[in-house]
Amino acid sequence: MSLFRQLWLAVIISTIIAFVGSLSISIWSARDYLIQQLERKNNDNATSLALSMTQQDKDPVNVELQVAALFDTGFYREISVIDPVDQVIVQRVQEHTDASVPRWFTELFSLPSPPGLAQVSDGWKQFATVRVVSHSDFAYQALWEQVKRLVTWFALGGVVLGALGMLLLRTIGQSLGNVVRQATALAERRFITVDEPKPLELKAVTRAMNEMVGRLKSIFAEEGARLDTLRKKVNRDAVTGLSTREYFMSHLREIVGGENFGSVGSLVIVRLTDIGRINEQLGHLRTDALLKSLGDVLYASGNDRHGQRAGR
């Protein structure tokens, strides 16, 4: 697996872990808050209804009217008035509401509604117990809307994070590509430098590569100059500057018998007769100067003419 795929996989896994973790924490925090609110609402409403019944007549019609008045608001699953011997005096029950929440969501995140209990007094005696249970469907609806908002925001955040990650990986890829291109050019004995990227690690690598390229360029330049000097010493006569005998003869053999031999040509031999006596009369330095002058003339006669070469 390539480095970029590994980085992409790391970004995706990190994003998913952050998304799932944050979403889970948010959902369970909201769930606990809603359960607390349901419990508080049940207790408050049960206490309020019990207090209202305590202050009024306890006849069955009046009790039923008070229960119906509270129940008809539509937010309750059960409102019961139970006497001290657990006999139901009045009870209203509504099992379902119109909340549009998926069934799997309600099964996954249960929202129990703890019943609220309060005592109804009749003078110094206990008349009954009020039991109030609010519907959880509205809490499910609120939690479901909250989850949808969180998922939407996390999805947008994931898109933004993915775009930023793509730009970052593209920058890293370009920097690594420049280093690879520089190494390839170095293998081809081409010396190029690249701009240093902004990331510190890649900047250090690029700087080291540029410095290495500069040093190798200097080394190769020095070695090239040394080899050129050595080649001239080996292939050129030190006095006249013309090709040495061995180099000239190898070139002549290639022309006469090589694959690209010449069909037409001429060989001109120039000889200074009695060079020993000339050397005695003129001296070594002046004789060398004479040979150098003759070599320059011969070299100039064949210079810039393809296939012509002068040698000593």
Side-chain angles (χ1 to χ4, degrees), residues 2-3 171-197 202-312:
S2 65
L3 175 61
T171 301
I172 295 175
Q174 290 177 351
S175 301
L176 293 178
N178 290 334
V179 174
V180 172
R181 182 168 55 87
Q182 191 178 31
T184 303
L186 188 61
E188 298 173 354
R189 304 191 72 173
R190 293 185 294 108
F191 305 97
I192 60 174
T193 57
V194 297
D195 297 331
E196 296 181 1
L202 294 177
K203 185 175 183 179
V205 173
T206 305
R207 181 178 299 173
M209 286 292 295
N210 287 337
E211 292 177 355
M212 183 183 68
V213 167
R215 289 194 297 268
L216 288 177
K217 185 177 181 180
S218 300
I219 293 173
F220 276 109
E222 293 175 358
E223 291 296 327
R226 189 178 297 109
L227 288 175
D228 187 64
T229 302
L230 182 61
R231 180 180 60 82
K232 289 180 179 180
K233 288 182 178 179
V234 172
N235 296 330
R236 291 188 178 275
D237 179 65
V239 177
T240 61
L242 301 178
S243 299
T244 60
R245 176 184 177 86
E246 291 78 8
Y247 186 64
F248 180 83
M249 293 304 294
S250 65
H251 182 71
L252 181 60
R253 283 192 296 270
E254 178 65 25
I255 293 177
V256 173
E259 294 181 358
N260 298 322
F261 65 91
S263 59
V264 177
S266 59
L267 175 64
V268 179
I269 299 178
V270 179
R271 179 181 181 183
L272 288 179
T273 59
D274 204 1
I275 189 66
R277 187 173 59 84
I278 295 176
N279 190 29
E280 292 178 356
Q281 293 179 354
L282 299 179
H284 180 69
L285 296 178
R286 294 181 64 186
T287 302
D288 288 347
L290 175 62
L291 294 174
K292 181 65 172 61
S293 299
L294 180 59
D296 292 340
V297 173
L298 296 176
Y299 181 81
S301 65
N303 192 25
D304 296 331
R305 296 180 181 180
H306 181 68
Q308 295 193 21
R309 182 180 299 274
R312 185 182 181 185

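We count residues from 1, following the sequence as given.
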With sequence neighbours excluded, residues passing side chain to side chain contact (heavy atoms under 4.5 Å, CB included) with Tyr299: Arg236, Leu242, Asn303
Qualifying residues under side-chain hydrogen bond (donor to acceptor under 3.5 Å, both in side chains), relative to Thr240, sequence neighbours excluded: Asp237
Contacts of Arg215 that satisfy side-chain hydrogen bond (donor to acceptor under 3.5 Å, both in side chains) - sequence neighbours left out: none
Contacts of type side-chain hydrogen bond (donor to acceptor under 3.5 Å, both in side chains), residue Arg271, not counting sequence neighbours: none
Ring pair (Phe, Tyr, Trp, His ring centres under 6.0 Å) pairs, two or more places apart, involving residues 224-243: none
For Glu222, all residues meeting salt bridge (Lys or Arg N to Asp or Glu O under 4.0 Å), sequence neighbours excluded: none
Test log, rule side-chain contact (heavy atoms from CB on, under 4.5 Å), inputs Leu298 and Val268: CA-CA 10 Å; Leu298 296 176; Val268 179; over 6 Å; no
Contact list for residues 214-237, test ring pair (Phe, Tyr, Trp, His ring centres under 6.0 Å), sequence neighbours left out: Phe191-Phe220
Would you list the atom pairs, donor with acceptor, under 3.5 Å between side chains in residues 276-288 and any protein atom, with sequence neighbours excluded?
unit_1, atom_1, unit_2, atom_2, d
Arg277, NE, Asp274, OD2, 2.8
Asn279, OD1, Thr287, OG1, 3.3
His284, NE2, Asp288, OD2, 3.0
Thr287, OG1, Gly283, O, 2.6

Spatial distance of atom OG (Ser243) from atom NE2 (His251) [nearest 0.5 Å]: 8.0 Å
Any residue meeting side chain to side chain contact (heavy atoms under 4.5 Å, CB included) with Ala221, in chain and number order, not counting sequence neighbours: none
Any residue meeting salt bridge (Lys or Arg N to Asp or Glu O under 4.0 Å) with Lys217, in chain and number order, not counting sequence neighbours: none
Pairing residues for Ser301 by the side chain to side chain contact (heavy atoms under 4.5 Å, CB included) criterion, not counting sequence neighbours: none
Asn210: partners by side chain to side chain contact (heavy atoms under 4.5 Å, CB included), with sequence neighbours left out: Gln182, Thr193, Val194, Glu196, Thr206
